[in-house]
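A quick write-up on the structure given underneath.
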Amino acid sequence: MRGIRRIILAGVLAGVVLPPVARGDENRAAARIEAMVNFLAKAPRLGVIADCSYDVLQDSGQKIEFGERRELTLRRPDRARIDVTRRDGARRGLLFDGQQLTAFDLDEKVYATIPKPGTVDAAFAYFAGDLAMRLPLRELFASDLPQELKDALGAARLVGEEKVDGIATDHVAFRGDTADVQLWIPRDGDPLPQRIVITYRLSAGMPQFEADFSGWNLKPEAPDSLFTFNPAAGAEQIPILGAGSGTPPEQKKK
Amino acid sequence: MIRAPRRMMVGVAAVLVAAAVGGGIARGRGGGGGARGGARGGFNRTGAAAGGSFGQGRPARGVERGGFSNRGPAAVGDFAGQQPSGGFGGGGNVGGGQQIDRSEVAQRQRERFGRLGPPDGGAAQRQDRQDNATHRREDWQDYADDHWDEHHDDHPGVAAGVVAGAAVGAAVAAATTPAYWTLSCVPTTVVVGGTTYYQCGSAWYVRVYSGGDVAYFMTNPPAGY
C-alpha cells in the first residue's frame, strides 16, 4: 500500500509541479531577452553585420522580398556609422559624428547633412522619427532598449532551443502592440542576438523583417575619422523631405 | 490481488501526468498539430509557409514584370511598424487605429488635388508664373495638380511641411507637394548653383531624400529658365 501511495503522490506532485516548469520557461525567455537588451544598451562600442531581408506586399497582392547587408559601428555616446549594400548592389549609408547626421548614396552621388548635436540615440530618433528616414533595427541599438521592451517581456516565451549558424540559442518570442518579435539569443557567452524576425501583424499581408547577425565585435576600430563624412568629388548635397505633421508618407512605387 | 490495483494506480498516475503535461502544452498551442507542434513553447510549426512549396506553379493574374515596390512597413524594420514614436507594451500610443490605409490616403490626396486642380488644367497659372514671380509657389502647386493624374501611382508621399538639411539653392519650400520616385520623361538636366535640376516639359524637379530613398521633388525653374 505504501508503494501505491507513493505512486499516487508522484502523480499528484507531477500535476502540481509541471505548470511551474512552464512558467519557468516564460521567465527564462524574459530573462534571456533582458540580458540581451541590457548587454546591448550598455556596450560602449559595438560592431556587427546584419544580413537583412524584408517583405513588401505589392498592390497586386504579391509579396516580394528585398534584402541588404548593413554594417554597423557604434561608439557611444555620440558616434555611429552604418554602411548598407543592397542585394541589387546599391550602396548607401549614414554617419553621425556627434554634431551632424549625414545620409549618403554612393550610386546616386548625393548626400544630405542635418545638424543634430548630441547623442546617437537622439540623432537616430530624430532621423527615423521626425525625418521619416529608413533606419531598420534602430531600437535594437538604442540605449533605452531595456525601457522600451520592459512591458513586453511579461509575455515573452521560449519557443525552444535551436541552433543558428552552428550556435546553440534560445529561440524566444514576444509581442508588441503592432508587431511580433522573435529572437535567437546564444545560450552561452555574450547574449548578442544571432537572428531577429519582426512580423508586422496589423499590416496587410503581415510582412516580416528578418536579420541574421554576424561578426559581433565589442571592440571595433572606431577612430573619429570613421564617422567623418568626406563627400566624393561631384557628390551633390540634397535636402531631406520630412514627415512633418507626423503622418507617414504613403510609400508606393509604380 | 494487489498487482491489479497497483496497475490501475499506475494508470491513474500516468493519466494525471499526461493531463498535466498536456494542459501545459495545449494552452499555448492554439489548435496546433499535436505532437508535431510540440515545441517547448507550444508554438505550431505547421502552416502555409512551413511547407515551402511553390504551390501550383502558376503565376497569379496580373503578375507584374517589374517595377516592384520596395517600400512598406517591413522595409522600415522598426519594432512598431512605421510608428517611430511607438514603443512596446500596453499603454503606448501605438495601435491598429494608426495603421496606414494606403488606398484611403491615396484617395484623400486625389480628392484634395482634384479640388485644387484648375478647370483649365493650369494653363492660365502657368502663364501667370512666367509673368509674376511672386505667384510661383501657387503655380508650382498647380503643376503638382496638373501632373497628379499621371504621377499619382508613383509618388513617395506628400511632404507635410518639413525639409531638413542645408539650403541648396533650389526653391524647395515647405508646402504640401508631392515628390516622385521616378520622372515621367527622360529629363533635361541643368546644374545651377550646385543643384541639378530635372526638366520634364514645363515642370522642374530637384532630388530630395524621402523615407531613405532619393526622390524627385517639384520646384520652381532655376534662375534664368
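Each chain gets a letter, A, B and so on, in the order the sequences are listed, and its residues count up from 1.
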Most heavy-atom pairs under 4.5 Å with chain B, out of A/Asp105, A/Leu101, A/Val110, belong to A/Val110

Residues A/Tyr200 and B/Ala74: closest non-hydrogen pair is CE1-CA, 3.3 Å

Whatever's closer than 4.5 Å to a heavy atom in chain B on A/Ile196 counts as side chain

Requested in this report: Check whether the side chains of A/Thr199 and A/Gln208 place a donor and an acceptor atom closer than 3.5 Å, and report yes or no.
Outcome: yes

>> Quick test of your reading of the model: are A/Glu68 and A/Arg92 salt-bridged, counting only N-O distances below 4.0 Å?
In response: no

When the 4.5 angstrom heavy-atom criterion is applied to A/Tyr111 and chain B, the contacting part is backbone

Okay, A/Arg86 and chain B: the region with an atom under 4.5 Å from a heavy atom over there is side chain

The interface call for A/Leu137 against chain B, heavy-atom contacts under 4.5 Å, is both

(request) Considering only NZ, NE, NH1 and NH2 on the basic side and carboxylate oxygens on the acidic side, decide whether A/Arg28 and A/Glu161 come within less than 4.0 Å. (result) yes

Row check, A/Tyr54 ring normal vs A/Arg134 NZ/CZ: under 6.0 Å, within 45°: yes

One option among B/Thr196, B/Asp213, B/Val191 has the most heavy-atom pairs under 4.5 Å with chain A, and it is B/Thr196

So, the part of A/Ala211 with a heavy atom under 4.5 Å from chain B: the answer is neither

In terms of heavy-atom contacts, B/Ser69 and A/Phe66 come closest through O-CE1, 3.0 Å

